[in-house]
Amino acid sequence: MTERNWAGTVTYRARALREPTSWDELADLVATEPRLRVLGSRHSFNELADTEGVLVSLAKLADEPATVAGSTVRVPAGIRYGDLVPALTEAGVALANLASLPHIAVAGAVATGTHGSGDAIGSLATQVSALDLLTPRGPVRLTRGDADFAGAVVALGALGVVTHVELDVEPHYEVSQTVFEGVTWDAALADLDALTGAGDSVSLFCSWDDPARVDQVWVKSRAGRPAPDLASFGGQPADGPRHPVTGMDPAPCTPQGGVPGPWYDRWPHFSLDHTPSVGEEIQSEYLLPRADAPAALEALQGLAERFSPLLHVGERRTVAPDDLWLSPAYGTPTIGLHFTWRAVPDSVGAVLPAIEAALPDTARPHWGKVSTLAPDAVRARFPRWHDFAALRARLDPERRFVNPHLARLGL
């Protein structure tokens with residue numbers, strides 16, 4: 001078997017890939033396979049999804065209809081966010097946020113604490129109100145408020161197979177998106193709260209070729225909010241559509257120019273029917289308390305000359321705090337420092353330790369992206385790590401869902 005991640009940068013070592021076509025077939029795999037992991041939309045850049053046993057794809061189970069009931073929608077866990085949109089639109093409802101890519105599967109995004117952007121918007125995992133797990137001991141259903149719920153949402157696939165997820169929904173709404181250029185880091189750091197509060201979702205893109213300059217600021221605002229104005233930061237609206245990577249064709253990107261449109265066609269940076277981002281790439285991301293953001297960004301300015309030749313683009317965005325045990329935004333307003341690297345793994349692996357050493361020791365790595373932090377350093381940055389380890393031991397005592405990547409982390 002030769003299977004790779006979406007970007008082609010990770011080759012899975014599993015002995016087989018199974019694609020069950022019924023829930024009974026999936027249950028049989030969970031009951032009989034000694035080692036297995038679920039493979040989602042493959043937007044992971046490390047070995048988190050891999051296993052030496054069997055990989056299980058839920059893609060052939062993802063066409064089950066989504067069911068909207070009141071303020072929630074029940075969905076098969078393997079469905080991609082973009083493919084969920086038609087059912088939500090038909091019901092006249094929406095999600096509170098989406099990530100940059102609508103191409104990612106719901107269960108994988110939730111399990112890794114993946115996020116969009118917004119001072120007051122939590123990660124995609126905070127939208128989960130209930131989930132159904134298939135464990136070696138049988139099915140488990142957890143709802144918000146249950147004792148194990150906060151530990152089971154961002155769970156790295158270590159507790160069992162998530163078969164269904166229930167997400168919070170709200171009435172349909174519109175969002176506009178405006179791209180600004182001309183902002184400097186000095187102006188941004190002088191009042192970072194005002195800049196990230198200029199819209200409901202704000203992303204700062206920077207190639208770091210010029211460490212003093214922010215290349216683009218993407219501001220997304222719900223209908224009814226005043227039009228963003230970044231003149232005090234030196235920002236002016238772009239004179240046409242932009243791609244986050246300066247100079248790339250903006251055709252894959254969602255509509256800009258401040259024109260209102262459906263929530264699902266503005267929150268993501270990229271459209272579902274296009275290849276997102278660059279394609280052949282490596283990604284890293286570190287999430288840290290907002291209070292530590294100025295020091296972290298100044299540290300990156302000092303290292304920019306070393307890492308910018310390896311970089312397609314970096315993105316800075318905020319996430320609201322939550323109470324999910326393994327969430328990178330656990331317990332604190334958070335800023336994410338994202339890096340989209342060129343596909344040169346040896347060079348990226350050589351520069352990451354310098355970046356990680358320069359960042360405050362509060363920086364938590366994104367679970368699905370590349371990091372070189374030592375396992376003990378990772379564990380120390382998640383206060384509920386030991387509680388999660390105990391939950392894993394209880395739900396999967398035979399360690400069927402623990403792979404070498406999780407074992408290195410101490411599970």
Side-chain angles (χ1 to χ4, degrees), residues 23 38 40-41 43 58-118 120-132 141-144 149 153-154 162-177 199-201 203 218 220-225 252-256 259-274 276 317 319-320 322 324:
W23 297 113
V38 177
S41 51
H43 279 77
L58 303 183
K60 293 183 178 179
L61 298 171
D63 59 356
E64 176 184 318
T67 305
V68 177
S71 61
T72 63
V73 59
R74 177 177 171 83
V75 305
I79 195 170
R80 300 187 303 171
Y81 279 95
D83 294 328
L84 172 59
V85 163
L88 299 180
T89 300
E90 182 178 355
V93 298
L95 301 175
N97 195 19
L98 287 172
S100 299
L101 316 180
H103 310 68
I104 57 180
V106 170
V110 166
T112 53
T114 295
H115 57 90
S117 173
I121 302 176
S123 74
L124 299 177
T126 64
Q127 298 172 7
V128 177
S129 62
L131 53 82
D132 292 328
R141 178 174 171 81
L142 293 168
T143 61
R144 189 180 284 139
F149 178 81
V153 180
V154 182
V162 177
T163 61
H164 294 83
V165 178
E166 293 178 18
L167 305 172
D168 298 328
V169 294
E170 60 183 273
H172 175 90
Y173 58 91
E174 293 196 334
V175 174
S176 62
Q177 175 174 234
D200 293 290
S201 168
S203 292
W218 290 38
K220 306 169 192 268
S221 303
R222 285 195 181 220
R225 182 167 180 151
C253 300
T254 50
Q256 302 163 20
V259 179
W263 60 278
Y264 56 80
D265 202 29
R266 298 296 187 276
W267 285 139
H269 300 329
F270 301 98
S271 300
L272 181 64
D273 55 353
H274 285 82
R317 49 189 170 169
V319 188
D322 60 58
L324 306 174

How close do [X] and [Y] get, counting heavy atoms only, and between which atoms?
X      : Y      : value
Trp267 : Ala96  : NE1-O, 3.6 Å
Gly78  : Ala105 : O-CB, 3.9 Å
Val319 : Gly122 : CG1-C, 4.0 Å
Asp322 : Thr126 : CB-CG2, 3.6 Å
Leu131 : Val128 : CD2-CG1, 4.3 Å
Ser123 : Gly113 : CB-O, 3.9 Å

Report yes or no: does [X] contribute a side-chain atom to a donor-acceptor pair with the main-chain N or O of [Y] at less than 3.5 Å?
X      : Y      : value
His43  : Ser41  : yes
Lys220 : Arg266 : yes
Asp200 : Arg222 : yes
Gln127 : Asn97  : yes
His172 : Trp263 : no
Thr143 : Ala130 : no

Between [X] and [Y], is any pair of side-chain heavy atoms under 4.5 Å apart?
X      : Y      : result
Leu58  : Val38  : yes
Ile104 : Thr114 : yes
Val73  : Val93  : no
Val154 : Val110 : no

Option passing side chain to side chain contact (heavy atoms under 4.5 Å, CB included) with Leu167 (candidates Leu124, Leu95, Thr72):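 Going through Leu124, Leu95, Thr72 one by one, the side chain to side chain contact (heavy atoms under 4.5 Å, CB included) with Leu167 is satisfied by Leu95 alone.
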
Exactly one of Ser201, Cys253, Ser117 should register a side chain to side chain contact (heavy atoms under 4.5 Å, CB included) with Trp218. Which one does? Cys253

Ignoring hydrogens and geometry beyond distance, is a side-chain donor-acceptor pair present between Thr254 and Gln177 at under 3.5 Å?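 A donor-acceptor contact under 3.5 Å links the two side chains.
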
Just verifying a value: how many Å separate Leu98 CG and Asp265 CG, rounded to the nearest 0.5 Å?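 Output value for this atom pair is 10.5 Å.
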
Partners of His164 by ring pair (Phe, Tyr, Trp, His ring centres under 6.0 Å), sequence neighbours excluded?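 Partners of His164 by the ring pair (Phe, Tyr, Trp, His ring centres under 6.0 Å) criterion, ordered by chain and then number, come out as Trp23.
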
Hits for side-chain hydrogen bond (donor to acceptor under 3.5 Å, both in side chains) against Arg317, two or more places apart or cross-chain, chain-then-number order -> Ser100

Take Tyr264 and Thr89, measure what side chain to side chain contact (heavy atoms under 4.5 Å, CB included) needs, and give me the verdict at the end. CA-CA 9 Å; Tyr264 56 80; Thr89 300; 3.5 Å; yes

Pair Asp132-Arg141, salt bridge (charged side-chain N to carboxylate O under 4.0 Å, His left out): steps then yes or no: CA-CA 5 Å; Asp132 292 328; Arg141 178 174 171 81; 3.1 Å; yes

Pair listing, salt bridge (charged side-chain N to carboxylate O under 4.0 Å, His left out) test, anchored in residues 84-113, at least two apart: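 For residues 84-113: none.
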
